[in-house]
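Just below is one structure, and these are the notes that go with it.
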Amino acid sequence: MHQIKIFKTLETDVGLLEKQVNAWLAESKVRVINMFGNIAPQSPPPEESAPAISKSPHPPSDVFLVVLYEQP
């Protein structure tokens, strides 16, 4: 049976999201069917020193990732 796992973060935390997803994949040993996501400017501005994918004056975007998987 297919199941989903949803991850969400700000673009300023994409590196952490990548680590979380990779750790979850390694620990759960699931079979990934599909992975998809979206990035949308929805969040309030962060502190000025926070790194972002884009260097624009706009607030960082929300990053949404869905993993469709099956248990082994």
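Residue indices begin at 1 and follow the sequence shown. All of these numbers come straight from a predicted model, not from anything done at the bench.
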**Message:** Please tell me whether Tyr69 and Phe64 are part of a single hydrophobic cluster in this structure, the criterion being side-chain heavy atoms less than 4.5 Å apart.
**Reply:**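 As far as the 4.5 Å side-chain criterion goes, Phe64 and Tyr69 are not connected within one cluster.
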**Linked, directly or transitively: Ile6 and Met35 (ILVMFWY side chains, under 4.5 Å)** = no
**Min side-chain heavy-atom separation Leu68-Val32 under 4.5 Å** =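 No, their side chains stay 4.5 Å or more apart.
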**Request:** Would you mind reporting whether Ile33 and His2 have side-chain heavy atoms less than 4.5 Å apart?
**Result:** yes
**Fill in**
salt bridge (Lys or Arg N to Asp or Glu O under 4.0 Å) pairs touching residues 27-41, sequence neighbours excluded, are Arg31-Glu70
**Fill in**
Apart from Leu16 itself, its cluster of hydrophobic side chains linked below 4.5 Å comprises none
**Asked** Under a single-linkage rule joining Ile, Leu, Val, Met, Phe, Trp and Tyr whose side-chain heavy atoms are separated by less than 4.5 Å, which residues share a cluster with Met1?
**Response**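 Once heavy-atom contacts under 4.5 Å are chained together, Met1 still belongs with nothing else.
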**Item:** Pro72 to Val30 - nearest heavy-atom pair and separation
**Value:**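 Scanning both residues completely, I find the closest heavy atoms to be CD-CA, 4.2 Å.
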**Prompt:** Which residues satisfy the salt bridge (charged side-chain N to carboxylate O under 4.0 Å, His left out) test with Glu18, sequence neighbours excluded?
**Reply:**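 Counting only residues at least two positions away or on another chain, Glu18 forms no salt bridge (charged side-chain N to carboxylate O under 4.0 Å, His left out).
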**Message:** Suppose we screen for side chain to side chain contact (heavy atoms under 4.5 Å, CB included). Which residues come up paired with Phe7, at least two apart in sequence or across chains?
**Reply:**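 With sequence neighbours excluded, Phe7 shows a side chain to side chain contact (heavy atoms under 4.5 Å, CB included) to Lys5, Leu17, Val21, Trp24, Leu65, Val67, given in chain and number order.
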**Working for side chain to side chain contact (heavy atoms under 4.5 Å, CB included), residues Asp62 and Leu10** = CA-CA 5 Å; Asp62 289 326; Leu10 295 176; 3.1 Å; yes
**Asked** Taking atom NZ of Lys8 and atom CG of Asp13, what is their separation to the nearest 0.5 Å?
**Response** 10.0 Å
**Request:** Starting at CD1 of Ile4, measure out to CG of Asn34 and round the result to the nearest 0.5 Å.
**Result:**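 Going from CD1 on Ile4 over to CG on Asn34, the span is 12.0 Å.
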